[in-house]
There are 2 protein chains.
Amino acid sequence: MNNTPPQSKCLNCPTRENTEWNTLSEDELDLIDQFKRVSDREPGEIIYHQGDQSEGVYCIQSGLVGIRQLDADGKETLLRLCNPGETVGYRALLGNSEHTHFAEILAPSHICFIERKIVTDLLAKNPVIGERFLVRSLKELTEAEDNLVRSRSLKVRTRLLHCLMVLFDQYGSGDELSGYMLKIPISRKDLASLIAVTPESISRAISHLEEDNLVRFEGRNVHFSNIEAIFDEIGAVH
Amino acid sequence: MNNTPPQSKCLNCPTRENTEWNTLSEDELDLIDQFKRVSDREPGEIIYHQGDQSEGVYCIQSGLVGIRQLDADGKETLLRLCNPGETVGYRALLGNSEHTHFAEILAPSHICFIERKIVTDLLAKNPVIGERFLVRSLKELTEAEDNLVRSRSLKVRTRLLHCLMVLFDQYGSGDELSGYMLKIPISRKDLASLIAVTPESISRAISHLEEDNLVRFEGRNVHFSNIEAIFDEIGAVH
DNA sequence: CCACGGCATTGATAGTGATCAATTTGCGCA
DNA sequence: TGCGCAAATTGATCACTATCAATGCCGTGG
């Protein structure tokens, strides 16, 4: 973890428009600029640990962060990927609880830390922020429940296809002419954890999908050979 | 569904202390009293449907409500039980979305409907309400994620024991001397749905637990013969 | 009092994914 | 370039739970 002294201003942050903070005034942004701590983080580093008290929130300027949860047996589950613009660690702060999960850097990232007091001050002055985080948590709740229902009713194959389409929304490229493709930002093991299966099952599911000519995998690169058939199979409206 | 004209006042509602509304002033409660619609609902009735737009929120004065979600194939999952004092349907209202699930009466209940406009007016005047619902949704989010992690890592037997202990917290009775017991407020089918298995698997799990002398079932009544062993098995601190 | 229908249980079987074990691939680094 | 380790794949087997089918139980209404 390196601190990079020439901190850029929030006002000019390329992700600001997408964040919960996009309703702040310039004065309020200046306040954050003044006290935030920007750091340069490498894969494997932990931003906060499960069970820790909240010291503040972390805004992802660039990179990729994974939210993991440890169960009673010490096994961990990857619950969610967080992208630039997302603020992580807000739940323990706003809910006045310990962190119920931990956050790990998955790709080289710039992370801005905003300490607890700044956040609570801003919340007190500007209730819109609280409202934004409320909406955010409602969205996460819906996603978590959909996830639960999917992992109850769908087989590995379908869950994997669904997961690939979700990743495609975020990280995909290409078009109808040149073909659609996707560079998966995580390992097979994490991909497996994300849909609650073992890495072996993922490997087999991939093999079967390739046999059926739906996709072609080359390491972390995926080519969608027949994206229509995929949408059909997961029952999505294209 | 019967309207029961002599509506009691929110101020005197026995559940008020436990609700998100317990910070309202008397004036604000009067406003709700003036416009709320109380109704008498029977098991099987649906309070709101999945996909519907939100028309307001529903406060459970007495009874029991189940939150269910339909998946793409039309199969339904029981996600949560809601007890007196809980306000249901708030997510679609606050998140400005359709209902992502539906709510069904599971035991004869008194339900107070508070229409959308009243709620948004109160929210605008009293930001504490929003904060309360934020905390509520954060709590539900943690529960949903724990649920997800549990159904990934635990077998049916352990999930059932865990579920019984959760139900015991809410509906249990007895003490060390007279023994602990529980009247399960839902059918086997719903119990199965709650922990994401088939009713057959629940039946078998119950048989095995009885063979091991951990519990004794008599219909919906459960006697805990060895509650220590149960805590041991689910790894909880007693 | 019996017939019916829904709920619950029990039994037999099969499918899915986990587990264990053995390679193979890929990549950083000397 | 080749070594060494971790990640990924493949194979064989097993355990768990879903599924299908039959029976038992019980409350309701004719």
Inset, instruction - Over all heavy atoms of both residues, which pair between B:Cys82 and B:Leu64 is shortest? Give the atoms and the distance, please. - result: O-CD1, 3.6 Å
Legend entry - CD (A:Glu115) with more than 12 external heavy atoms under 6.0 Å: yes
Inset, instruction - Any side-chain hydrogen bond (donor to acceptor under 3.5 Å, both in side chains) involving residues 201-219 of chain B? Give me the pairs, sequence neighbours left out, ordered by first then second residue. - result: B:Arg157-B:Asp212, B:Thr198-B:Ser201
Inset, instruction - Establish, from distance only, whether the side-chain atoms of B:Asp190 and B:Ser193 form a donor-acceptor pair under 3.5 Å. - result: no
Legend entry - Sequence neighbours excluded, every pair satisfying ring pair (Phe, Tyr, Trp, His ring centres under 6.0 Å) that has a member inside residues 56-78 of chain B: B:Tyr48-B:Tyr58, B:Tyr58-B:Phe113
Inset, instruction - Answer with yes or no whether the side chains of B:Arg91 and A:Thr142 bring together a donor and an acceptor at under 3.5 Å. - result: yes
Inset, instruction - Return yes if some donor-acceptor pair links the side-chain N/O of A:Asp73 with the main-chain N/O of A:Lys75 below 3.5 Å, else return no. - result: no
What protein N or O atoms touch nucleotides 5-9 of chain D N or O atoms at under 3.5 angstrom, if any, and at what distances?
{"residue": "D:dA8", "atom": "OP1", "partner": "A:Arg188", "partner atom": "N", "Å": "3.1"}
{"residue": "D:dA8", "atom": "OP2", "partner": "A:Arg188", "partner atom": "N", "Å": "3.4"}
{"residue": "D:dT9", "atom": "OP1", "partner": "A:Arg188", "partner atom": "NE", "Å": "3.4"}
{"residue": "D:dT9", "atom": "OP1", "partner": "A:Arg188", "partner atom": "NH2", "Å": "3.2"}
{"residue": "D:dT9", "atom": "OP2", "partner": "A:Arg188", "partner atom": "NE", "Å": "3.0"}
{"residue": "D:dT9", "atom": "OP2", "partner": "A:Ser203", "partner atom": "OG", "Å": "2.6"}
{"residue": "D:dT9", "atom": "O5'", "partner": "A:Ser203", "partner atom": "OG", "Å": "3.1"}

Inset, instruction - Using the heavy-atom set of chain A and a strict 4.0 Å cut-off, write down the first and last nucleotide of DNA chain C that makes it in, 5' to 3'. - result: C:dT16 to C:dC20
Legend entry - Side chain B:Ser137, main chain A:Ser137, donor-acceptor under 3.5 Å: no
Inset, instruction - Go through the steps to decide whether A:Cys13 and A:Gln61 satisfy the test side chain to side chain contact (heavy atoms under 4.5 Å, CB included), and finish with yes or no. - result: CA-CA 7 Å; A:Cys13 184; A:Gln61 196 180 106; 3.8 Å; yes
Legend entry - Residue from A:Ile234, A:Asn147, A:Leu154 passing side-chain contact (heavy atoms from CB on, under 4.5 Å) with A:Arg159: A:Leu154
Inset, instruction - Please report the C-alpha distance between B:Arg136 and B:Thr87 in whole Å, then the side-chain angles of each, then the deciding distance to 0.1 Å, and finally whether the side chain to side chain donor-acceptor pair (under 3.5 Å) criterion is met. - result: CA-CA 10 Å; B:Arg136 159 90 181 274; B:Thr87 297; 5.3 Å; no
Inset, instruction - Mind grabbing the angle between the end helix axes of the helix from C:dC1-D:dG30 to C:dA30-D:dT1? Five pairs an end, 10° rounding. - result: 30°
Inset, instruction - Using distance alone, with no hydrogens and no angle criterion, decide if B:Asp175 and B:Ser178 have a side-chain donor and acceptor under 3.5 Å apart. - result: yes
Legend entry - B:Glu104, B:Glu86, B:Glu140 screened by salt bridge (Lys or Arg N to Asp or Glu O under 4.0 Å) with B:Arg80, the one that passes: B:Glu140
Legend entry - D:dT17 OP1/OP2 closer than 4.0 Å to side-chain N/O of B:Thr198: no
Inset, instruction - Please state how far atom CZ in B:Arg204 lies from atom P in D:dA15, giving the value in whole angstrom units. - result: 17 Å
Legend entry - Stretch residues 147-168 of chain A: residues that reach within less than 4.0 Å of DNA chain C through a heavy atom: A:Lys155, A:Val156
